[in-house]
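Worksheet: one structure, shown below.
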Amino acid sequence: MQNILKRAGAALALGGIVLGASAQTVSFAEPADGAVVSSPFKVKFAVSGMEVKPAGEMAANTGHHHLIINGASIKEGESVPFDDTHLHFGKGQTETEVKLPPGKYKLTMQFANGAHQSYGPGASKTIEVTVK
């Protein structure tokens, strides 16, 4: 019996390693970090290890993008606010045009589930852009 439990524990540990190797990542396909852009400018989102689905769909390993302007990533499980600095792409969009006045901006892309609950800092990416 102990031998079976040891093997089951080893299998679970190895399963965790395999799952960790296929970690979810998000990135900006456009613009590049540090880019100087003219407004409006195109923003393209990318995700690997997860599938983009519209808001409301609650399947495992799925979600949609959010763009946070001059804000930080959101803790895992917390809802992404609905306001002017937290843009939601609940139809499953993977790109948008953003219009901002001239200045320096921090753009944070946050991936969240179908109920807008954040997957946490590990499923976010922050870049800086300058709008001329």
Side-chain angles (χ1 to χ4, degrees):
M1 181 68 164
Q2 278 185 326
N3 203 14
I4 292 171
L5 291 175
K6 283 181 184 177
R7 278 191 248 158
L12 285 173
L14 289 174
I17 292 168
V18 171
L19 290 174
S22 63
Q24 299 88 13
T25 59
V26 296
S27 60
F28 285 91
E30 191 179 316
D33 188 24
V36 177
V37 297
S38 297
S39 190
F41 59 97
K42 186 173 282 193
V43 176
K44 290 184 179 181
F45 310 114
V47 63
S48 64
M50 301 274 283
E51 187 178 353
V52 176
K53 293 279 187 179
E57 293 194 28
M58 293 297 291
N61 296 316
T62 67
H64 60 280
H65 298 286
H66 299 81
L67 181 64
I68 304 166
I69 300 169
N70 289 335
S73 63
I74 297 173
K75 291 180 185 174
E76 184 173 356
E78 287 187 9
S79 294
V80 178
F82 282 88
D83 60 30
D84 291 342
T85 61
H86 294 81
L87 310 179
H88 291 247
F89 299 96
K91 293 181 183 176
Q93 306 97 307
T94 57
E95 63 181 67
T96 190
E97 276 201 350
V98 176
K99 186 174 183 178
L100 293 170
K104 293 186 180 230
Y105 294 90
K106 180 171 81 168
L107 303 178
T108 299
M109 187 237 304
Q110 179 70 64
F111 205 68
N113 69 19
H116 306 280
Q117 295 167 324
S118 171
Y119 282 115
S124 72
K125 177 70 175 177
T126 299
I127 63 169
E128 293 184 359
V129 297
T130 301
V131 178
K132 59 180 180 174

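Below, all heavy atoms of this structure are taken into account, side chains as well, without hydrogens, waters or symmetry copies. Positions are given from 1, in the same order as the sequence printed here. Computed from a prediction, not measured in an experiment: that's the story for all the values here.
Within the model, atoms CD of Glu128 and NZ of Lys104 stand 7.5 Å from one another, a figure rounded to the nearest 0.5 Å. For the atom pair Phe41 CZ and Lys132 NZ, the distance stands at 13.0 Å (nearest 0.5 Å). The CD atom of Glu30 lies 8.0 Å from the CD atom of Glu95; values are rounded to the nearest 0.5 Å. With rounding to the nearest 0.5 angstrom, the CZ atom of Phe45 is 8.5 Å from the CD atom of Gln93. How far CG of Asp84 is from CD1 of Ile69: 8.5 Å, rounded to the nearest 0.5 Å. The OG1 atom of Thr96 lies 12.0 Å from the NZ atom of Lys44; values are rounded to the nearest 0.5 Å.
Taking each heavy atom of Val98 and Ser39 in turn, the nearest pair found is O-OG, 3.9 Å. In terms of heavy-atom proximity, Gln110 sits nearest to Ser118 at NE2-OG, 3.0 Å. Considering every non-hydrogen atom in both Asn61 and Gly49, the closest pair reads CB-O, 4.4 Å.
Residue Asp83 qualifies as enclosed at atom CG: its count of foreign heavy atoms under 6.0 Å is above 12.
The shortest side-chain heavy-atom distance between Glu97 and Val43 does not fall under the 4.5 Å cut-off. At a threshold of 4.5 Å between non-hydrogen side-chain atoms, the residues Gln117 and Ser79 count as touching. Between Val26 and Met50 there is no side-chain heavy-atom pair separated by less than 4.5 Å. The shortest side-chain heavy-atom distance between Val129 and Leu107 falls under the 4.5 Å cut-off. Side-chain contact check for Asn113 versus Thr62: every heavy-atom pair is 4.5 Å or farther apart.
Clustering ILVMFWY residues whenever any of their side-chain heavy atoms sit less than 4.5 angstrom apart, transitively, puts Met58 in a cluster other than the one holding Tyr119. Neither Ile74 nor Ile127 shares a network with the other; the hydrophobic side chains, linked directly or stepwise wherever heavy atoms of I, L, V, M, F, W or Y lie under 4.5 Å apart, form separate groups for each. Hydrophobic clustering, with ILVMFWY side chains joined whenever heavy atoms are under 4.5 angstrom apart, groups Met109 together with Leu87. Both Val47 and Leu67 are assigned to one and the same hydrophobic cluster, defined by single-linkage of ILVMFWY side chains at heavy-atom distances under 4.5 Å. Val80 and Val52 fall into different hydrophobic clusters, where Ile, Leu, Val, Met, Phe, Trp and Tyr residues are linked whenever their side-chain heavy atoms come under 4.5 Å apart, directly or through other members.
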For the pair Phe89 and Thr94, evaluate side chain to side chain contact (heavy atoms under 4.5 Å, CB included) and give the outcome as yes or no after the intermediate values. CA-CA 8 Å; Phe89 299 96; Thr94 57; over 6 Å; no

Under the ring-ring contact (aromatic ring centres under 6.0 Å, His included) criterion, do Phe111 and His65 qualify, and how do the steps go? CA-CA 5 Å; Phe111 205 68; His65 298 286; 5.0 Å; yes

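The closest side-chain donor-acceptor pair between Thr108 and Ser73, if any, does not fall under 3.5 angstrom.
Note on ring orientation: taking the six-membered ring where Trp is involved, the planes of His88 and His116 are perpendicular (angle over 60°, cut-offs 30° and 60°).
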